[in-house]
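Encoded as structure tokens, the structure appears first; notes follow it.
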Amino acid sequence: MLIPISWLTRYVPVAMPPAELAHKLTMAGTEIDSVEEIGADWERDKLLVGRVVEVNPHPNADRLSLPTIDLGGGETATVVCGAPNVAAGQKIAFAREGAMLRSNRSGKVEPLKAAKIRGVLSSGMVCSERELGIGDDHDGILTLDADAPIGAPLVDALGDATLDAEVTPNRPDCLSMLGIAREVAAITGAQVTEPDTAYTESGPPIDSLAQVRIDDPDLCGRYCAALIQGVQVGPSPAWLQAALIKAGQRPINNIVDITNFVMLEYGQPMHAFDFDKLKDGAVIVRQAREGERLATLDDETHDLEPPMLVIADPSGPVAIAGVVGGVATSVTEATTSVLLESANFDPANTHRAKSAIGEGTESSYRFERGIRADLAPRALGRAAALLLEIAGGSAAAGIIDEYPGRVDPPEVRVTAQRLRQVLGMAAPMERVQRVLESLGFRRIMGNDDEMVIEAPYWRADVRIEDDVIEEFARVTGYDEIPTTAMSAPIPHQAPRPFEDFRERVRDALVSAGMQEVLTYSLTSRETLDVVNGLDGIEEPLRVANPMSRDLHVLRTSLRAGILKTLESNRRVSRGEGFRLFEIGRVFIPNPGGALPSENQVAVGALCGPRGPASWLSSQADMDFFDAKGALESMFAAIGVHAEFEAAEDAIMHPGKTARVSIGGRAVGVVGELLPRVLDQFDLEDAAVAMFEIPLDALFQAAGERGAGYAPASKFPQAERDIALIIDEDVPSARIQQIIDRHKLVRSSRPFDLYTGEGVPAGRKSIAYRIVFQSDRGTLTAKLIDRAQGDVIRQLQRELGAELRA
Amino acid sequence: MNDRPSLQQVEEVRASAARELDAAPDIQSLDEWRIAYLGRGGRLTRILRELGGLPPDERRAVGSAANSAKSALEEDLEVRRRELHRAQASANLLAERIDVTLPGRPTPHGRLHPITETIREITEVFVSMGFGVEEGPEVELDRYNFDMLNIPKEHPARDMWDTLWIDHVDEDGSRPMLLRTHTSPMQARIMETTEPPVRVVVPGKAFRYEATDATHEWHFHQVEGLAVDEGITFSDLKGALFEFARRIFGEERRVRFRCDFFPFVEPGVDMAIDCFKCGGSGCRICGGAGWIEILGAGMVHPSVLEGVGYDSQKYTGFAFGMGVERICMLRRGIDDIRLFYSNDLRFLRQF
Ligand SMILES: [Zn+2]
């Protein structure tokens with residue numbers, strides 16, 4: 001909503017700079033996004049109001065003329081002018097030599113120089129909108145209001161500021177100059193002067209000429225109409241055009257401009273019908289019928305259907321109620337009788353109608369927000385008065401006022417107790433009353449503890465006691481409310497074991513050297529397919545109104561997001577190693593329109609050299625064991641022991657993939673990705689190891705392990721190494737299982753793996769470092785020898801291992 | 001010299017051993033010395049072995065002298081060994097010079113995403129004020145996202161939240177599911193299942209149908225807050241949020257509240273802090289205003305309380321909601337919200 005200060009001051013004095021007013025309005029709830037000042041930089045002695053005395057032809061150029069300008073005080077100037085619209089009698093903006101203007105040639109603001117144009121000296125200039133920096137028009141000169149005083153600084157005649165207000169949906173009354181004026185009055189203590197709505201009724205009674213019937217009073221609570229006959233349609237006067245332009249509207253003709261002006265003034269949408277085109281002079285407010293169509297002023301033809309509300313005459317719809325008028329009954333140059341409509345339409349139904357036909361209008365924008373029916377007759381009177389003044393004609397006697405939706409003005413009880421309860425501060429009722437009265441509220445009755453107030457006729461948003469309390473608080477200012485610490489006892493907060501666990505996992509992955517990323521929750525079906533993200537899911541949830549194809553479905557897997565992150569990062573630094581992880585939600589659809597299951601998953605991807613270029617270590621690329629290592633580090637940090645066994649995954653290397661489990665329960669997968677998957681992500685030259693751990697599974701498995709504590713043995717450990725020759729396909733985990741089974745073995749770890757020369761085909765050499773320890777005493781060499789012998793015999797018997805010489 | 005052992009011989013051996021020990025140049029030569037004097041065939045050992053041939057008196061005297069010489073020499077050997085060891089160690093240290101300017105052995109290090117970190121920082125402030133932490137579904141029902149927050153269907157207030165709807169139509173033709181446009185639906189969910197008092201913050205993702213630019217992202221995070229009890233007032237709201245502002249943006253912060261509209265609070269406000277960069281005189285961070293709006297808040301609307309079955313005459317409360325990205329951007333001087341989800345490591349590694 002654009003608010004020119006010049007328009008605002010028609011109703012309320014503004015005695016402060018626009019920026020300060022903007023700040024005060026913002027603090028009280030009408031947010032001013034920007035202030036645009038017109039003429040703030042116009043020099044008072046260089047840009048003046050002038051009057052064209054006469055216009056002579058230029059001796060050397062047909063398209064130029066030589067107007068003589070009266071600058072007051074006996075001073076005149078003759079200039080060279082290229083504008084076709086310059087004419088004697090006009091008030092114009094005159095620039096003296098040296099005035100700062102936007103040059104039509106360079107587009108820059110520069111001082112005006114005296115110049116000879118086609119042989120004639122021009123001592124100054126008559127300005128266009130563009131040269132003054134207030135518009136784009138430079139085809140003609142800007143003409144000023146006829147009563148602008150000659151010789152006055154231009155800034156006094158044309159200077160202005162426009163506030164751009166972002167009005168919240170609860171305040172349709174502030175979608176009007178009067179509404180804003182009332183806010184200004186409440187803030188500054190000034191009084192609002194409302195426009196005069198009285199006019200002379202010289203025609204026959206309206207009832208004898210026009211009829212209005214409301215068939216659907218639920219959707220149209222009030223319909224007021226006035227009739228003016230014998231009007232002269234034409235361009236609006238300069239003041240009206242200027243006001244509309246500054247408020248962001250395009251002038252059309254005097255009748256339409258008046259309806260727009262009054263809408264902006266009161267916040268009450270209006271419509272003007274060419275009365276002679278309404279069949280039988282009858283207006284019927286009813287729901288549209290199936291199959292009806294209407295060509296409207298927005299150059300479209302709309303199919304209508306119930307419960308859309310239309311204004312109709314006996315032959316069919318003539319307007320979509322509260323949204324847009326029809327072409328056939330609109331006001332044209334030929335119109336002589338105008339029926340003015342000022343009505344009240346149901347907000348929700350207007351919203352539906354607007355949505356059904358597409359774009360909204362200034363009118364629907366206001367009706368959707370729910371304006372008061374009390375505005376209708378006032379705005380109607382104002383429009384009729386302006387119409388008679390500007391377009392002439394005579395008004396029929398009386399108005400039509402169908403008001404089936406009459407409601408009593410809302411009354412609200414306010415108590416000192418509630419004010420204290422909500423705001424935490426006490427205020428005397430008398431003070432509250434003063435603030436409310438400054439906003440137009442009226443006290444009906446009351447005492448020191450409470451009162452009953454009535455909201456003013458323009459306010460539709462004050463319904464309950466707390467609404468009134470806000471009115472008091474926002475005008476008083478929130479600074480006045482004290483700042484306190486809650487005195488109520490702190491409520492018991494239930495533990496959140498899963499979330500705490502998840503955060504430990506997150507921290508553990510970071511400690512394992514992994515960088516956290518966060519990716520979009522939406523993706524495309526194709527992307528999910530590439531990573532087999534729909535494994536076991538029929539259809540992912542889709543967005544009904546996607547912003548793009550790439551953001552069409554809710555992710556059922558985190559794999560694609562992290563691969564895309566890898567892809568984009570490798571594009572900027574190909575030689576780098578990446579260890580990325582994400583913890584986020586996947587959305588698994590549930591039947592019957594139930595909300596999806598939102599499962600939290602940790603996924604990791606490792607790719608590229610293990611470390612940066614270093615003189616100390618090799619730069620081999622990361623592989624399965626880096627991903628597994630990160631997982632093991634994380635598991636150690638959260639205190640669980642996981643097992644890994646060969647497994648398959650649709651997008652992973654069949655020989656380099658492991659199922660991860662804890663105590664026999666699967667908690668995820670780790671493996672190297674297949675080249676055909678990497679191809680899809682522009683990672684074809686990379687090896688990527690990935691893990692995926694559903695956190696609820698991990699949480700449950702981890703939760704079931706005993707939280708016990710085993711005291712450390714106080715006796716020394718002894719280490720022994722053994723090297724075995726064993727069948728290649730025996731997993732190390734199986735060998736360790738047998739080693740670790742011995743009661744004197746504390747732990748074991750493979751430290752060497754070899755196949756090739758010296759080892760029979762199909763066999764491998766694998767060496768373990770075994771730690772022996774007892775809780776009962778120091779182990780002697782003999783005891784350790786015996787234990788080691790036991791272990792080796794078991795390995796021989798169960799796995800066919802032999803000791804390597 | 002091949003005489004019978006004598007005291008003089010013991011003394012000679014001891015003296016020569018002591019001389020040689022002092023002269024031993026390194027640890028290896030100590031072994032030779034030990035073999036020469038104390039080994040199986042060493043000179044002192046031989047004396048002890050040959051004692052048997054002496055008359056008893058002499059045997060006793062020479063034996064005792066030889067034994068004490070032996071233990072004295074053993075002791076001297078240890079002392080000398082330590083001496084030499086030390087000398088050698090310092091000689092070694094001098095030889096073992098490295099180029100300390102070479103880079104260290106690389107160790108991988110990870111970091112949290114700045115949004116995770118910011119959420120933790122924000123929630124920790126409120127946890128210290130007795131708030132619990134809850135999370136809620138990212139796919140929500142219209143009912144919780146709008147209806148129960150006093151935002152009825154067909155009301156233009158809904159236009160404040162451009163919604164991404166889930167493609168599922170109920171029998172009555174309505175779309176019941178959406179990507180939550182804010183974390184506020186958890187207000188209704190929590191109160192619906194909890195008796196007052198309630199004091200909770202809700203971090204989480206939210207979504208809007210919105211074109212992405214430097215300050216807008218369709219996918220973002222919020223932290224919601226809710227405190228409902230008997231006797232909770234707007235002044236408590238001010239207290240809690242003032243404390244938050246000081247903890248996150250600095251002790252000396254001032255806060256300012258202005259009227260704003262959110263359908264689920266009444267009164268509704270916006271909280272701004274004085275610019276931590278320029279202190280209020282106006283700069284690039286605050287857009288010249290001197291103040292920076294950081295969150296929306298208000299007293300929970302009585303309709304919302306009644307909607308979850310609370311007695312709005314008895315219970316009052318405040319609620320607030322803030323954008324995590326915005327808080328993080330302000331604190332770290334980040335000027336483009338798109339950096340968070342482009343996941344460019346050159347950006348993420350700076351946190
Ligand atoms: Zn600043």
In terms of side-chain heavy atoms, does B:Lys238 have a donor or acceptor partner in A:Thr484 at a distance below 3.5 Å? no
| SB check B:Arg346 A:Glu576 (cutoff 4.0 Å) | no
For side chain to side chain donor-acceptor pair (under 3.5 Å), just list the numbers for B:Glu217 and A:Tyr520, CA-CA rounded to whole Å, side-chain angles, deciding distance to a tenth of an Å, and then say yes or no. CA-CA 11 Å; B:Glu217 176 57 273; A:Tyr520 287 156; 2.9 Å; yes
Cut-off 4.5 Å, heavy atoms of chain B, and the answer for A:Ile464 is side chain
Charged N to carboxylate O below 4.0 Å: is that the case for A:Glu503 and B:Arg120? yes
Item to check | Expected output: side-chain A:Gln421 to main-chain B:Gly231 donor-acceptor under 3.5 Å | outcome: no
### Query
Under 3.5 Å, is there a donor-acceptor pair linking the side chains of B:Thr116 and A:Glu516?
yes
CG of A:Leu518 to CZ of B:Phe340, rounded to nearest 0.5 Å, is 10.0 Å
Side chains of A:Pro169 and B:Met160, heavy atoms from C-beta outward: is any pair under 4.5 Å? yes
Cut-off 4.5 Å, heavy atoms of chain B, and the answer for A:Val572 is side chain
*Would a 4.5 Å heavy-atom cut-off, applied to side chains only, mark B:Trp165 and A:Val543 as touching?*
no
Greatest number of non-hydrogen atom pairs under 4.5 angstrom with chain A, of B:Val133, B:Asp229, B:Val198, falls to B:Val133
Taking every heavy atom of B:Pro267 against every heavy atom of A:Tyr478, the minimum-distance pair comes out as CB-OH, 3.5 Å
Do B:His168 and A:Leu541 have side-chain heavy atoms sitting under 4.5 Å apart?
no
Notebook entry, point to check: When you measure from the side chain of A:Trp615 to the backbone N and O of B:Arg105, does any donor-acceptor pair fall under 3.5 Å?
Noted result: no
Greatest number of non-hydrogen atom pairs under 4.5 angstrom with chain A, of B:Gly110, B:Ala289, B:Gly239, B:Ser235, falls to B:Ser235
Q.
Salt bridge or not between A:Arg463 and B:Glu266? Use side-chain N to carboxylate O under 4.0 Å.
A. no
Looking only at B:Met299, B:Arg199, B:His109, B:His219, the option with the highest number of non-hydrogen pairs under 4.5 Å against chain A is B:Arg199
### Task
Answer yes or no: is there a side-chain heavy-atom contact under 4.5 Å between A:Arg496 and B:Glu135?
yes
